[in-house]
Amino acid sequence: MAKHPVGCLPLQKRCLFALLLMLSISTVIAFLIKAAFDSCDRRFELVQKPTRSSVTASPIKLPPNPLTFMKSKHVLLVSHELSLSGGPLLLMELAFLLRGVGAKVFWVTIQKRSETDEVIYNLEQKMLVRGVQVLSAKGQEAIDTALKADMVVLNTAVAGKWLDAALKENVPRVLSKVLWWIHEMRGHYFKLDYVKHLPLVAGAMIDSHVTAEYWKNRTQERLRIKMPETYVVHLGNSKELMEVAEDGVAKRVLREHIRESLGVRDEDLLFAIINSVSRGKGQDLFLRSFYESLELIQVKKLKVPSMHAVIVGSDMTAQTKFEAELRNYVMQKKIQDRVHFVNKTVTIAPYLAAVDVLVQNSQARGECFGRITIEAMAFQLPVLGTAAGGTSEIVVNATTGLLHPVGKDGITPLAKNIVKLATHVERRLTMGKRGYERVKEMFLEHQMAHRIAAVLKEVLHKSKGHPHP
């Protein structure tokens, strides 16, 4: 069902809704694309600047920023692409954190779809506004910057191609100050052309223990190379997203708006899967589980609210073969009044406020980390996830959510878990609260910043110990 425009809401709600959306990291980036909201842009900062009134009334002593040692350091960030996907946005977040402490940050994008691409243009403009210098991947300035930088961060395994292509004979002069930030869990990334320099870099930073172990074993068995010193850094939720998640009024307004746009009542149960639509994310298996759960409820004559599923991550323009399969399945099972497709967006806070349960159904080896999982937990949502990848490190089974196997073996267990949460309101709410407590304990921005800071200090130390002419 098509989403109603925000303009359909009363004026008061409309204004509040627009303000609330601009609170989260994802929302800031999304609304950047619309120039009308540029003046309302908020910064990614670890330390909130006190207002004038707070300074005069009673100054608040803020904790020291763990990244202050990066002040005046020159850092080159190399991304395989610039898009609204997880890897590039995460690297942009690091860029803004470093700029917040006075580091000099440079950015290179290896692959660009088009120089006139609107998304690329607007994301580059956002970086330029924040003081991040954007360089051409093939230009001499990028080479000179890499040689002079205190640190070079390669983002994803694919970014390794840039070393030989751009630096050529200068590669050895840079390796000792390279931090390789790896997010991939798929076998096709294990190509020597991508990662042949991996053993010689200062370190690798990976988002989960299970992914780090996978890379260690895979590189040795398949490529016969050894991983460098590897640091596992769990990600964290931004202050902006946490502000929305902890604001009851904000969540209520967002919930009402999204549910109205989907045609879902307040009392209905809404299960969401929020990922780009692809076979690896498991939307097809989720729909089969959802349909099976409806059958179980009918057969057992259980009394539950009307249940709906929303798939956030559709691509209305591409209409891939896989997405066509999903829509055909919904039509064949005659559940089109219960299943809703929403176009892909980085503005996820409104949907987290609107739904009751998040389904993280990534297949095969699962997610490297899966940041949407901790974002959902911040909104006190229980998580139904596959027992694979980073999800198994985030979700405590039977405490903050319920885990199920990957593949077809997971269809019925997921269906049963859907029914469990649909029929046990108190259990659902308790899991959500415990998930929120786990986020506060482990997955906040300042905690992530401390973890990253420890890695950056190590890399700087190693770089100083291996100077190159």
Tell me, with the steps shown, if H404 and D409 meet side chain to side chain donor-acceptor pair (under 3.5 Å). CA-CA 9 Å; H404 58 273; D409 291 342; over 6 Å; no
Can you check whether [X] reaches [Y] side chain to side chain, under 4.5 Å on heavy atoms?
X    : Y    : answer
Y291 : F286 : no
E292 : T412 : yes
M205 : I182 : no

Taking [X] for the side chain and [Y] for the main chain, is one N or O donor matched with an acceptor at less than 3.5 Å?
X    : Y    : answer
T391 : A387 : no
H424 : K420 : yes
Q283 : L326 : no
Q380 : A378 : no
R259 : V264 : no
T430 : R427 : no
T109 : Q111 : no
W181 : L91  : no
S314 : V312 : no
T345 : T347 : yes

Pair K440 + E246, salt bridge at N-O below 4.0 Å: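 Salt bridge present between K440 and E246.
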Electrostatic pair R371:E93 at N-O distance under 4.0 angstrom: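 Judged by the 4.0 Å cut-off on N to carboxylate O distance, R371 and E93 do form a salt bridge.
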Which heavy atom of [X] sits nearest to which heavy atom of [Y], and what is that distance?
X    : Y    : answer
M431 : P382 : CB-CB, 3.8 Å
S238 : L241 : OG-N, 3.0 Å
S289 : G410 : OG-O, 4.2 Å
V134 : E124 : CG1-OE2, 3.7 Å
D268 : D356 : O-OD2, 3.4 Å
M448 : L235 : SD-CA, 3.7 Å

If you draw a 6.0 Å radius around CE in M331, do more than 12 non-hydrogen atoms from other residues or ligands fall strictly inside?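 Not more than 12 within 6.0 Å, no.
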Heavy-atom neighbours of Q298 CD exceed 12 at 6.0 Å: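 Open.
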Report yes or no: do [X] and [Y] form a side-chain donor-acceptor pair below 3.5 Å?
X    : Y    : result
S276 : S278 : no
S362 : E367 : yes
T156 : H80  : yes

For M92 and L82, run side-chain contact (heavy atoms from CB on, under 4.5 Å): C-alpha distance rounded to whole Å, both residues' side-chain angles, the deciding distance at 0.1 Å, then the answer. CA-CA 9 Å; M92 282 183 64; L82 186 54; 4.1 Å; yes
Assert yes or no for the condition that the ring centre distance of F271 to H308 is strictly below 6.0 Å.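 Judged by ring-centre distance (under 6.0 Å), F271 and H308 do not meet the cut-off.
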In Å and rounded to the nearest 0.5 Å, what is the [atom1] to [atom2] distance from [X] to [Y]?
X    : Y    : atom1 : atom2 : result
K281 : T386 : NZ    : OG1   : 10.0 Å
M442 : M377 : CE    : CE    : 9.0 Å
W215 : W180 : CH2   : CH2   : 8.0 Å

Quick one: do L179 and V152 satisfy side-chain contact (heavy atoms from CB on, under 4.5 Å)? Show the steps, please. CA-CA 6 Å; L179 174 63; V152 176; over 6 Å; no
Between D247 and R252, does the salt bridge (charged side-chain N to carboxylate O under 4.0 Å, His left out) criterion hold? Intermediate values first, please. CA-CA 9 Å; D247 188 327; R252 170 54 59 183; over 6 Å; no
My understanding is that only one of L403, T373, L384, I394 makes a side chain to side chain contact (heavy atoms under 4.5 Å, CB included) with Q360; could you say which?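 Of the listed residues L403, T373, L384, I394, the side chain to side chain contact (heavy atoms under 4.5 Å, CB included) partner of Q360 is T373.
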Axial cation check for F322 ring with R279, 6.0 Å and 45° limits: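 No cation-pi geometry.
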Is it the case that R327 places NZ or CZ above or below the six-membered ring of F341, under 6.0 angstrom from the centre and within 45 degrees of the axis?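 Ring-cation test returns yes.
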Run the side-chain contact (heavy atoms from CB on, under 4.5 Å) check on L254 and V244 step by step: do they pass? CA-CA 10 Å; L254 294 172; V244 179; 3.8 Å; yes
I348 and E375: side-chain contact (heavy atoms from CB on, under 4.5 Å), yes or no, with the steps? CA-CA 9 Å; I348 51 90; E375 291 172 330; 3.6 Å; yes
